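Everything quoted here is computed from the prediction, not taken from an experiment. So that the names make sense, note that chain A is the first sequence line, chain B the second, and so on, each numbered from 1.
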Number of protein chains: 2
Amino acid sequence: MTIEPRLDIIGAALADPSRSRILCELMDGRAFTNKELACAANVSPQTASAHLKQLEQAGLTASLRNGRHVYHRIANAEVAAILEGLAQLSPTDHLSRPGQIGTDTRQARSCYNHIAGRLGVLMTDRLIALNVLMVRDDTICAGPRYHAFLDEIGIEAPLGSLGKPPAKFCLDWTERRHHISGPLATAIMQKFLEAHWLERRTGSRALNITAEGLDVLECQFGLTQVDIDLVDPV
Amino acid sequence: MTIEPRLDIIGAALADPSRSRILCELMDGRAFTNKELACAANVSPQTASAHLKQLEQAGLTASLRNGRHVYHRIANAEVAAILEGLAQLSPTDHLSRPGQIGTDTRQARSCYNHIAGRLGVLMTDRLIALNVLMVRDDTICAGPRYHAFLDEIGIEAPLGSLGKPPAKFCLDWTERRHHISGPLATAIMQKFLEAHWLERRTGSRALNITAEGLDVLECQFGLTQVDIDLVDPV
DNA sequence: ATCTTAATTTGTTCACTGCCGAAGCGTTCG
DNA sequence: CGAACGCTTCGGCAGTGAACAAATTAAGAT
């Protein structure tokens, strides 16, 4: 009389190559239109529309109407985290378009709408070490240096609703450690992209760190090039 | 020229109700025969055989021949963790057999071959606090009290290969915190079951804590009934 | 040696679903 | 207002795969 999870429902949503391509395309956290995704998956708009309908019904994506365009994105950070996990588990296709989980994405990449990879994990560690964030019982709250940090980096203050934690832990499947997600993490990535401290590598979730970005990471986070390049043997 | 994860391959393996049932059945970490799983999924042995072949090819399960029986189990702790995550994401079927992820499994349940749920997380915390395990850089190694603990609880020493960590972190999707997996975690659960400190609830991954088990948890881990019953508001 | 039981292989049936062409609806732009 | 564009719905075709029956292989049990 109790409950059994229906893995097959999620499974069915994932079970098609075109939908897999679409999800990978969305995994960098940006929203795309039906047509763009149809193109990415190499199918007609009608077909893509059907796929997106199915993904949405399965709760994997969400859509937003804007004029005659409909933008689709990953439903939430939870879904993004699971998909990252599945991507680690699944075989990879060497013949297809430029890469999602390649060697180049291990250093820094976007996960949904925040920074993941080695850089994401390191930044998270430093934010805690620098008292910007505090951890108690695995929930994250603002630390004494929280507002000072936002000022210095140039993010205006009220993030998320009052009383709610500004960030949550999100498991990083390549680093096998936590990075942060949530409003603060989103704001940080947005700021880094706007200020050109980070740049998206085209057609990929990989992020390039610019020279200015390296300065900021050193001054604000105490992270050097060496820290970031270091790849730990697995 | 780089790589894109093929979510559809794993998805296809999950995409069938019978296979979903089979995986849920296996999720308690025990191994079952083809016939048992066929029965659990309400299909003929031929059909189950085909399903298990498919699951194995997708890397989700592994099989072991023993006489004329073939035992199937979840391939590894990684797969188990991902499946737990997916189960959290997927809708649940109220009409089917007794429960996998019900309210009763939040307190204590088996995950693959170690203890998960609130109890798993608490035990992990205590093992670290009591210097049985030490954490450095998110890898776990034996602490000063490691061998003393094994002695006291009655587990003979050499766990896993020398130099390898005796345990790894495994994300707990209901508690949203880590519990341990790996040789130590497996040995602990086995000991708890053999000594009847924990008992499997029939047809479920839920674990019952016995009176003797409560004693052990209090003496060895410093955990009381109150700690374990406490359910944190989400 | 013979019977029983477990697992698999093969063949067939049947339902489902991905795909696109054609058509319909709604928004935007000239 | 009409043309262009984006998205969706509908219909038909083709490919896939889940189901079981029957037959095969293999390992105990008597």
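Of the candidates B:Leu89, B:Leu86, B:Asp16, B:Leu86 is the only one forming a side chain to side chain contact (heavy atoms under 4.5 Å, CB included) with A:Leu7. No option in A:Arg200, A:His196, A:Arg201, A:Gln107 other than A:Arg201 meets the side chain to side chain donor-acceptor pair (under 3.5 Å) test with A:Asn208.
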With sugar-phosphate taken as primed atoms, P, OP1 and OP2 and all else as base, the protein-contact string of nucleotides 7-19 of chain D at under 4.0 Å (heavy atoms; B, S, -) is SBB--------SS
Apply salt bridge (charged side-chain N to carboxylate O under 4.0 Å, His left out) to the pair B:Lys168 and B:Glu78, showing each step before the final yes or no. CA-CA 11 Å; B:Lys168 289 193 301 185; B:Glu78 224 158 334; 5.5 Å; no
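Of the possible donor and acceptor atoms, none in the side chain of B:Ser90 sits under 3.5 Å from a partner among the backbone N and O of A:Pro5. Judged by distance alone, with hydrogens and angles left aside, the side-chain atoms of A:Arg73 form a donor-acceptor pair with the main-chain N or O of A:Ala75 at under 3.5 Å. At distances below 3.5 Å, at least one donor-acceptor pair connects side-chain atoms of B:Thr186 with backbone N or O atoms of B:Gly182.
A donor-acceptor pair shorter than 3.5 Å can be found between the side chains of B:Thr33 and B:Glu36. Of the N and O atoms on the side chains of A:Thr61 and A:Glu56, not one donor lies less than 3.5 Å from an acceptor on the other residue.
Over its length, the helix from C:dA1-D:dT30 to C:dG30-D:dC1 turns its helix axis by 20°, as judged from the five terminal pairs at each end, rounded to 10°.
A nucleotide of DNA chain C counts as in contact with chain A when one of its atoms lies under 4.0 Å from a heavy atom; the first and last such, 5' to 3', are C:dG18 to C:dT28.
Residues B:Leu60 and B:Leu14 are in side-chain contact: their nearest non-hydrogen atoms beyond the backbone lie under 4.5 Å apart. Between A:Leu217 and A:Met123 there is a side-chain heavy-atom pair separated by less than 4.5 Å.
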